[in-house]
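First the structure, in the form of structure tokens, and then the observations on it.
The first residue of the sequence shown is numbered 1, and numbering continues consecutively from there. When a ligand or atom number is given, it counts from 1 through the structure's own listing order.
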Amino acid sequence: MKKRKVLITGASKGLGLAIANKLAPIYDLILHATNEGSFSSKIPDSNFLYADFSDQSQLEAFCKKLKKDHGDSLYGVINNAGITFDKPINYQPEIEIDTMLNVNLRAPIFICKTAMKIFQQNKTGVIINISSISGDGGNAFQSVYAATKAGLVALSKSLAQEAAALYDLHNIRVLSISPGFIESDMTGSLSQEVRDKYLSAIPSKRFGKPDDVANLVEFLLSENASYINGTNIQINGGLK
Ligand code: NAD
């Protein structure tokens with residue numbers, strides 16, 4: 001039987017790569033990275049799409065190609081690509097603000113727009129937007145990043161309602177996930193002092209692994225999660 005297709009953005013490393021490895025036996029994957037050189041190794045039999053989401057024209061071309069090449073059997077979209085530049089907003093250059101808005105929020109909005117059109121035709125589909133604990137509770141020195149991540153939660157909840165209201169389609173689900181502190185390049189540059197502070201505040205007494213998030217994504221995409229819709233799922237070891 002033909003496998004259903006799932007797009008994972010930012011799939012070359014970190015959470016995206018773990019999600020790709022987890023889903024590879026189940027789905028026909030469409031793996032996104034900024035460019036071909038980003039992948040240190042490639043998951044065999046996958047489809048690849050490249051785009052720098054800070055560049056509007058690359059995002060536009062990406063969405064067109066997604067619809068043209070994969071529109072017939074696209075079932076899942078994992079908007080995972082994201083970037084942060086941590087600093088007080090007074091010192092945040094405009095280029096960093098724009099990059100976070102474009103990569104973390106504008107790109108997922110346009111990818112969701114493309115996916116919703118495809119799902120409307122196919123009458124089924126699941127979108128999972130990777131938000132962050134910073135989007136839930138805010139975080140000093142991550143104000144713009146946190147704003148983009150909070151935006152993804154609102155986007156997901158709104159689209160879940162829209163699918164039902166506008167198209168009367170009940171097999172389209174839109175969700176977001178808010179990871180806490182997960183070991184990856186994004187958290188790898190934090191000082192030992194900051195890491196110790198986080199660790200002491202996590203009731204599960206460990207940092208999250210990319211696989212923890214990948215397990216959740218696998219479940220949320222599955223039929224077993226068919227009644228989970230329009231909500232944000234936190235995965236943070238109890239960190240508040
Ligand atoms: P990472 O830095 O390892 O990976 C980020 C991914 O985003 C990479 O694949 C990268 O290629 C892609 N990306 C960055 N800039 C891009 C651009 N301009 N165009 C296209 N793609 C771009 O980080 P990660 O920890 O794996 O993060 C994955 C997602 O999880 C991000 O959205 C991040 O905000 C979110 N998140 C991570 C944590 C954590 O603790 N690691 C916590 C909460 C949320």
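Within 6.0 Å of NZ on K68 lie no more than 12 heavy atoms contributed by other residues, nucleotides or ligands.
The pair K3-D45 fails the salt-bridge criterion, with no side-chain N (NZ, NE, NH1 or NH2) lying under 4.0 Å from an Asp/Glu carboxylate O.
For F119, there are no ring-ring contact (aromatic ring centres under 6.0 Å, His included) partners, not counting sequence neighbours.
For ligand 1, the protein residues within 4.0 angstrom (heavy atoms only) are G10, S12, K13, G14, L15, H32, T34, A51, D52, F53, S54, N80, A81, G82, I83, V103, I130, S131, S132, Y145, K149, P179, G180, F181, I182, S184, D185, M186, T187.
Listed by chain and number, the hydrophobic cluster partners of L17 come to none, as no ILVMFWY side chain reaches under 4.5 Å of it.
Residue pairs meeting the ring-ring contact (aromatic ring centres under 6.0 Å, His included) criterion with at least one partner in residues 179-238, sequence neighbours excluded, are F181-Y198, F181-F207.
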Check the pair E36 / K42 against salt bridge (Lys or Arg N to Asp or Glu O under 4.0 Å), numbers first and verdict last. CA-CA 10 Å; E36 199 166 357; K42 282 190 170 178; 3.4 Å; yes
